[in-house]
Protein chains: 2
Amino acid sequence: MDIMSTILDVAKLAGVSTATVSRVINSPEAVREETRDKVTEAMKLCKYKYNALARGFVTKQSNTIGLIIPTINNPVFAESTRGVQDYADRNNIQVLLGNTYYQYKQEEKLVETFREKQVDGLIITTTNPRGAVLKTLVDEEIPFVLLYSTVKKGPMTVVGVDNFRGGYRATEHLVKLGHRRIGMVAGRFSISDRSFHRWHGYRQCLKNNKISYDKALLIQTDYSLTGGRDAVKKLLSLKDPPTAFFCSNDFLALGAMKGARELGLQLPRDLSIVGFDDIRIASYVIPELTTIRQPAYDIGKLGADLLFQRIGGCMKPVHRMLDLSLIVRESTAGPVG
Amino acid sequence: MDIMSTILDVAKLAGVSTATVSRVINSPEAVREETRDKVTEAMKLCKYKYNALARGFVTKQSNTIGLIIPTINNPVFAESTRGVQDYADRNNIQVLLGNTYYQYKQEEKLVETFREKQVDGLIITTTNPRGAVLKTLVDEEIPFVLLYSTVKKGPMTVVGVDNFRGGYRATEHLVKLGHRRIGMVAGRFSISDRSFHRWHGYRQCLKNNKISYDKALLIQTDYSLTGGRDAVKKLLSLKDPPTAFFCSNDFLALGAMKGARELGLQLPRDLSIVGFDDIRIASYVIPELTTIRQPAYDIGKLGADLLFQRIGGCMKPVHRMLDLSLIVRESTAGPVG
DNA sequence: TTGTAGGCGTTATCAG
DNA sequence: CTGATAACGCCTACAA
């Protein structure tokens, strides 16, 4: 700890210049083997520890990126986080992680601190794709990529999914099963454009199938198990309750299943539920959850890939909407009667 | 992006010295209001952006810590990660996150890169508490704290739980219910001392209850849903199969429940299962999972707290074993017959 | 292949 | 209260 030795110490000890030491670290092939060994030896002797900060300071490359997500508690974000981490790791880049808890202020703050920390770029799952934060990033040409949002054009690079289509397909599945009274439990639109787009898909599907939209069947709530449970109970207490629910994520859906069960209903006989995400546990609950699968890991991985390209100089914005798929399992069936 | 302005630019523009600019940033009260305003104004004019890296470079404080966990996929680690992040955030410290995937080599590598990045300290959920990595950290007096392990003395600061006791209580619950043939599905001991200690608790409990230990009833496997499912199926195919299982974490337990179900068994009538962790979903599955609760968030939070104390100079090692509690839910009952 | 020397953006020490 | 100026550890022309 105390006094760390620097390349100067090593240089002295090896009887060479600091430039040479620096070379054996960064481009060993550019120095004679003999000298190299001498230096390596010296490094051991004085227990030299490389200081990546000092390097970043001069090269203006921190080899660090910032990853901003709503909350690491949600398995989807944990999965995309893993995707970026794995990819970054393979490229010797470290990642600073920050949770916004769906609060714009927090997103703002994180972006600022990460920038002060001189991150080479940012990967963001935003709370508001039209907010000033992202706009500034674009204006100042900070390399960054947006995750999960449905943005098919414009100056931002984004790796997302077609949330509208996802919402549409989930609802369509229910309609095809024969449901006409379909409720939706959604994450609050104000903090999740993803949820908002999924709702649009839901509405459009109803419309296309000539099912009138009843706003009483929509509840916006926290993206949590309890949120899902409470919402479903409320909706089920209506005079003319839904026979099926589309939940805008799997947490909500799992919570909804619990709520239905507490009401004594049995899935999928008495009620159908479809989620969104396909988190791993979705296929391990009983009944197994029908849901829309997002390729979360790949979203993270591809996001990191594109970010590095951008950092590498490619400034042309890219919009990649990855495929969603409907995974039919056991939580959905036709309505009784 | 291009050319960032520095305090020198600001200084010139405001007609003061860099020292003064630095002062308005770090101790504004130490500079006359008039000058301060002048400087603030100038900062805006040239769009000055603070460079935290440069600061760290001179102060030798990066205000960054490294957090090393097995995998962010496991909700327990996601939860403790949140604990440290929240606490760090409140203290304006950023956290670098790394997954070891239970590989010691990876742990080694992460520690090294994080140290090169000049982190102020490390928080580690280790794969091997007796390995050289931690030993070196101790020797070189690098501030760090260990999470989740059962280490009640020695030079390391650790925030853990009594995994032995946890294993004991889980097993005891089963024994009291009347089970005599109790299997264990455990994470591999070679990569998790936690699992190893839980198994010891399990054995001790059997012994104290005069139930002979049958090593055929133990399976070590990956900490995953599939691992749990496959293990249970194998164990259940024995000539004299267990009537109950203790799984060393909730993932394993959830997987085990699935496996049992695929075999046509109904819980808790045909089989009892108890897990370990109490991840959130544990109380949302059917049947709800009986498990041992670990205060994951608090472990992370307290870990960060102790780390900061240590960074602050308190070098006395601290060992905090947090309370575990048995949460009895629906996945356990007495054996039939 | 190796050395010299200047600079990166900020803080800290000392004077004034 | 403010200003000069020397670090901090490393990289990178440029020269030798």
Side-chain angles (χ1 to χ4, degrees), chain A residues 1-43 46-64 92 113 115-120, chain B residues 1-43 46-64 92 113 115-120:
Chain A
M1 209 38 201
D2 302 42
I3 292 141
M4 311 233 53
S5 49
T6 73
I7 53 169
L8 182 60
D9 300 314
V10 178
K12 279 181 189 159
L13 200 61
V16 300
S17 75
T18 58
T20 302
V21 178
S22 176
R23 282 188 199 101
V24 343
I25 295 172
N26 298 295
S27 45
E29 69 287 355
V31 41
R32 208 188 336 150
E33 183 167 348
E34 196 182 342
T35 335
R36 203 194 309 158
D37 292 347
K38 231 171 29 181
V39 173
T40 317
E41 184 68 15
M43 292 203 292
C46 53
K47 294 181 183 173
Y48 170 71
K49 287 269 175 355
Y50 185 67
N51 184 333
L53 221 61
R55 169 179 221 276
F57 181 48
V58 17
T59 61
K60 283 150 157 353
Q61 277 237 329
S62 62
N63 288 326
T64 300
N92 289 308
T113 14
R115 285 189 67 182
E116 290 186 345
K117 280 263 158 72
Q118 311 299 112
V119 293
D120 297 331
Chain B
M1 209 37 202
D2 302 41
I3 291 139
M4 311 233 51
S5 49
T6 73
I7 53 169
L8 183 58
D9 300 312
V10 177
K12 279 182 191 158
L13 201 61
V16 300
S17 74
T18 59
T20 300
V21 178
S22 177
R23 281 188 198 104
V24 343
I25 295 173
N26 298 294
S27 44
E29 70 286 355
V31 41
R32 208 189 337 148
E33 183 168 346
E34 197 183 342
T35 336
R36 201 193 310 158
D37 292 345
K38 231 171 24 182
V39 172
T40 315
E41 184 69 16
M43 294 204 289
C46 52
K47 294 177 182 178
Y48 170 71
K49 287 269 174 353
Y50 185 66
N51 185 332
L53 222 61
R55 170 178 219 274
F57 181 48
V58 13
T59 61
K60 287 153 150 357
Q61 277 236 330
S62 62
N63 288 326
T64 301
N92 289 307
T113 12
R115 285 188 65 183
E116 289 186 345
K117 279 265 157 71
Q118 311 300 115
V119 294
D120 297 332

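Below, all heavy atoms of this structure are taken into account, side chains as well, without hydrogens, waters or symmetry copies. Fair warning: this is a prediction, and the values are worked out from it, not measured in the lab.
In this structure, R36(B) places its CZ atom 9 Å from P of dC1(D), rounding to the nearest Å. Whole-Å rounding puts the K12(B) NZ to dG3(D) P distance at 15 Å. For the pair Q118(A) CD and dC10(D) P, the computed distance is 19 Å after rounding to whole Å. Distance D37(A) CG to dT1(C) P: 14 Å, rounded to the nearest Å. Summarising the geometry, the separation between NZ on K38(A) and C1' on dT2(C) is reported as 10 Å, rounded to the nearest angstrom.
For S17(A), no side-chain nitrogen or oxygen approaches OP1 or OP2 of dT2(C) to under 4.0 Å.
For the pair T64(A) and Q118(A), the minimum side-chain heavy-atom distance is 4.5 Å or more. By the 4.5 Å heavy-atom criterion applied to side chains, K49(B) and E116(A) are not counted as neighbours. Side-chain contact between R36(A) and V39(A) is absent, with no heavy-atom pair separated by less than 4.5 Å.
E33(A) CD: 12 or fewer foreign heavy atoms inside a 6.0 Å radius. Within 6.0 Å of CD in E34(B) there are 12 or fewer heavy atoms belonging to other residues, nucleotides or ligands.
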| note | Reading nucleotides 9-16 of chain C from 5' to 3' and marking B where a protein heavy atom lies under 4.0 Å of the base, S where only the sugar-phosphate is that close, and - otherwise, the string is BBBB----
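Here the closest non-hydrogen pair linking I7(B) and T18(B) is CD1-CB, 3.9 Å.
Comparing the start and finish of the helix from dT1(C)-dA16(D) to dG16(C)-dC1(D), five pairs each, the helix axis swings through 30°, to the nearest 10 degrees.
If you check the side chains of Y50(B) and R55(B), you find a donor sitting under 3.5 Å from an acceptor.
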N/O donor-acceptor pairs under 3.5 Å from side chains in residues 20-27 of chain A, not counting sequence neighbours:
| from | atom 1 | to | atom 2 | distance (Å) |
| --- | --- | --- | --- | --- |
| T20(A) | OG1 | S17(A) | OG | 3.4 |
| S22(A) | OG | N26(A) | ND2 | 3.4 |
| N26(A) | ND2 | S22(A) | O | 3.0 |

